[in-house]
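Working notes, beginning with the structure itself.
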Number of protein chains: 2
Amino acid sequence: MRYTIHDIARELGVSARTVGRVVNQQEGVGEETRKRVEAFIQEVGYRPHSGAQSLRRQASDSIGFMLCAPADQLPLSQDLLTWLFSQLYEVFGTHGKFISFDMNPPVQNGVRDYARGIWQQRFDASVIGGAFYPNDTTLARIHALGAPYVALARLPALPEACTGAVDYEEACYLSTRYLIEKGHTRIGVLQGLPHHVPGIERIVGYKRALDEAGLSYDATLIKPLSFAPKNLTNQFHRLLLDTNVSAVVDASGAQDAHSLREGVRMGGRMLGRDLDMVVWTYTSGAVVLREALAHVWLPVRETAAESIALLGDWLYERRDGPFQVLYRPVIYDTPQGEEVAKPKPVFEVHLEE
Amino acid sequence: MRYTIHDIARELGVSARTVGRVVNQQEGVGEETRKRVEAFIQEVGYRPHSGAQSLRRQASDSIGFMLCAPADQLPLSQDLLTWLFSQLYEVFGTHGKFISFDMNPPVQNGVRDYARGIWQQRFDASVIGGAFYPNDTTLARIHALGAPYVALARLPALPEACTGAVDYEEACYLSTRYLIEKGHTRIGVLQGLPHHVPGIERIVGYKRALDEAGLSYDATLIKPLSFAPKNLTNQFHRLLLDTNVSAVVDASGAQDAHSLREGVRMGGRMLGRDLDMVVWTYTSGAVVLREALAHVWLPVRETAAESIALLGDWLYERRDGPFQVLYRPVIYDTPQGEEVAKPKPVFEVHLEE
DNA sequence: CTGTTAGCGCTTTCAA
DNA sequence: TTGAAAGCGCTAACAG
């Protein structure tokens with residue numbers, strides 16, 4: 001049998017209000033009555049129905065995590081997921097919150113409503129991961145609600161949104177400028193997330209560096225990438241068919257030395273001799289590709305950690321409203337050390353080339 | 001503004017029931033009315049309040065995952081967590097369920113109510129991970145509710161509970177018997193989870209093998225382990241102070257070659273010369289310790305996969321009620337191959353030695 | 001085809 | 001210190 005507050009009240013010959021008082025640890029119950037009610041609750045293992053509770057309170061004791069793009073369009077690595085998991089637990093789990101994931105919302109007539117849990121008022125606070133489509137309109141709606149949330153990505157159309165992001169524009173600017181300074185004039189870009197904001201930002205940064213150096217932009221030097229197997233290698237190879245290309249920015253984010261080397265090999269090149277690279281990584285000081293001229297570190301974890309902590313402050317009223325966190329990437333000449341392994345994705349990606 | 005079904009009804013000059021019909025895709029709404037309502041809902045991004053919904057329906061569109069023991073008493077590895085995550089997504093996420101984790105419920109007057117989410121009726125189905133305390137009474141209560149759940153662990157006191165477990169009794173029996181057959185008569189056990197059911201099962205299996213061989217039991221050969229740093233090494237060392245101990249079962253589950261070697265070294269022994277070991281692993285065919293005489297594979301993932309799939313069948317009415325899944329461990333002589341790395345825990349463990 | 005209405009279990013206001 | 005009752009937003013039985 002499943003007890004309600006009324007059942008308990010009836011059983012003990014008190015009113016529902018009294019039971020409610022005990023359950024919610026409120027004042028105004030006689031010592032003796034309280035003891036009796038507590039004992040009974042303990043005995044039958046009563047806990048208030050969370051749906052009914054959330055109907056009256058404006059809270060659910062639950063934190064939501066969702067992805068603003070399908071998981072197969074931004075392969076979440078196992079490392080990042082477990083890291084995120086432990087962050088969410090550190091900030092919210094220690095307050096007894098449930099952490100609720102909605103990474104695969106059903107697609108209704110072509111629309112993937114990643115914020116459904118928010119509309120349904122399932123969460124006290126929400127963390128939105130991923131990369132936005134440039135035409136996203138959902139975030140504005142979330143923002144308008146006024147409830148605590150943070151997007152771990154930027155959306156230029158909505159600069160006042162609560163975000164924690166890495167500056168990909170700057171990353172590509174730094175990478176390109178670095179190669180220009182080394183004397184290169186025809187620089188290719190392996191462009192991750194071409195249809196998403198961070199992919200577009202890459203190109204903006206690239207152009208800025210070219211502009212600054214008085215070099216002209218050639219769209220054929222940008223190779224948009226999908227997450228299909230071999231795509232990185234093939235696009236890289238295609239890029240190197242242009243024999244004037246002497247340097248490449250690996251802005252794939254794949255941290256996949258093997259695929260890069262394959263591309264170089266297929267292109268009949270040799271890194272350090274007739275090809276220079278700047279390679280992106282998400283790990284501070286990590287070496288992705290030994291032969292790279294330089295690496296650019298994108299501090300995504302650091303950004304996310306600060307953002308989630310601030311979201312906690314917002315929820316627990318230690319600060320007020322939305323915030324914008326923007327971390328700058330760091331470029332460094334390749335240090336000594338082992339190459340890091342290519343991250344393993346959490347979900348399998350089912351995409352054709 | 002947050003619309004309710006009544007707001008929408010008023011706005012459009014229809015009844016709340018009609019709006020409800022459209023929202024829930026039910027029959028009995030005129031084509032034209034339906035279109036109007038749908039358009040409005042789309043426009044304002046209306047979604048029914050999940051609390052109110054769960055109050056009326058008996059469903060929440062959410063699957064719960066909880067640990068029946070504190071996370072620092074059974075360090076969850078990163079690998080296992082991401083694996084679990086993707087399993088839950090495969091079975092339930094594809095049906096649009098939210099996956100809700102409650103791994104750190106607040107402790108109220110000494111009691112850690114790991115099933116709080118179930119009492120609160122937050123979940124359509126629940127997965128309980130971890131290892132039970134022998135005196136657990138919560139599971140019986142969960143079982144009595146009749147709602148779909150599975151415990152990824154056994155509880156001897158409640159054999160009819162819905163469980164998916166690995167036979168740790170058998171694992172320790174096999175390990176011990178193997179060493180007896182190799183001529184050993186004084187065999188130590190590094191006992192993982194000593195206060196939990198699987199830890200106790202280890203001893204039962206150990207005794208069974210001794211009994212069969214007519215050997216007597218000596219409690220000093222059992223070294224209970226905590227997850228404190230160095231504890232494995234120290235307990236191992238302590239065990240080896242008994243110079244008659246010629247063989248040891250590593251039933252720690254730690255898959256930690258380094259700590260084992262440290263223990264051997266401190267004990268002044270040498271594996272393969274004056275000490276033989278059987279080492280447990282959770283990965284099929286994996287080599288944890290090259291110098292081990294044999295490995296025992298505990299198919300936890302395989303068990304969990306089948307159990308979670310069956311839970312899905314139960315929830316989606318492709319099968320009926322509770323089930324018991326029990327996988328047997330497999331012993332094998334160490335094959336060739338690289339040693340696997342020690343798994344990384346998701347959460348830091350804060351325990352003193 | 002559409003509307004009225006009675007709860008689901010809880011919180012909270014107000015009254016006793 | 002305790003109780004009666006309204007109502008949160010939704011669903012479903014029942015009327016029209």
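Per chain, numbering begins at 1; letters A, B, ... match sequence-line order. From a predicted model like this one, the values you see are computed outputs, not experimental measurements.
In this structure, B/His196 has its ring center at least 6.0 angstrom away from the ring center of B/Phe132. Under the 6.0 Å cut-off for aromatic ring centres, A/Phe85 and B/Phe101 qualify, their centroids lying closer than that. Ring pair B/Phe98/B/Phe92: centre-to-centre distance not below 6.0 Å.
Taking only side-chain nitrogens and oxygens, A/Tyr46 never comes nearer than 4.0 Å to OP1 or OP2 of C/dG9. The phosphate of D/dT2 has OP1 or OP2 within less than 4.0 Å of a side-chain N or O from A/Thr33.
Rounded to whole Å, atom P of D/dG9 lies 15 Å from atom CD of A/Gln120. Separating the OH atom of A/Tyr3 from the C1' atom of C/dC8 is a distance of 19 Å, rounded to the nearest angstrom. Atom CG in B/Asp61 sits roughly 15 Å away from atom P in D/dC10 (whole-Å rounding). The CZ atom of A/Arg36 sits 14 Å away from the C1' atom of D/dT1 (whole-angstrom rounding). The distance from atom CD1 of B/Ile8 to atom C1' of D/dC10 is 12 Å, rounded to the nearest whole Å. Taking atom CD1 on B/Ile5 and atom P on D/dC8, their separation rounds to 14 Å, with Å as the unit. Atom CD in A/Gln53 sits about 13 Å away from atom C1' in C/dT12, given to the nearest Å. Between A/His6 atom NE2 and D/dT2 atom P the separation is 18 Å, expressed in whole Å.
In the interface, the side chain of A/Arg17 is paired with the base of C/dT13 through a donor and an acceptor atom under 3.5 Å apart. Between the base of C/dG9 and the side chain of A/Arg56 there is no donor-acceptor pair shorter than 3.5 Å.
At distances below 3.5 Å, at least one donor-acceptor pair connects side-chain atoms of A/Asp7 with backbone N or O atoms of A/Thr4.
Side-chain proximity of A/Thr18 to the nucleotides C/dT2, D/dT2, D/dC10 is greatest for D/dT2. Here the side chain of B/Arg21 is nearest to one of C/dT2, D/dT2, D/dG9, namely C/dT2. Taking only side-chain atoms of A/Asn24, from C-beta outward, the nucleotide of D/dA13, C/dT11, D/dT11 with the closest atom is C/dT11. With D/dA4, C/dG9, C/dG3 as the candidates, the nucleotide lying closest to the side chain of A/Leu55 is C/dG9.
Residue-to-nucleotide proximity on DNA chain C shows that, of B/Ser15 and A/Val23, the 5′-proximal contact is made by B/Ser15. With DNA chain D read from its 5' end, the first of the two nearest nucleotides for B/Gln26 and A/Gln58 is the one closest to A/Gln58.
Residue contacts shown for B/Gly20 are absent, as no nucleic acid heavy atom lies under 4.0 Å away.
Residues B/Gln26 and B/Arg17 have side chains that bring a donor and an acceptor to within less than 3.5 angstrom of each other.
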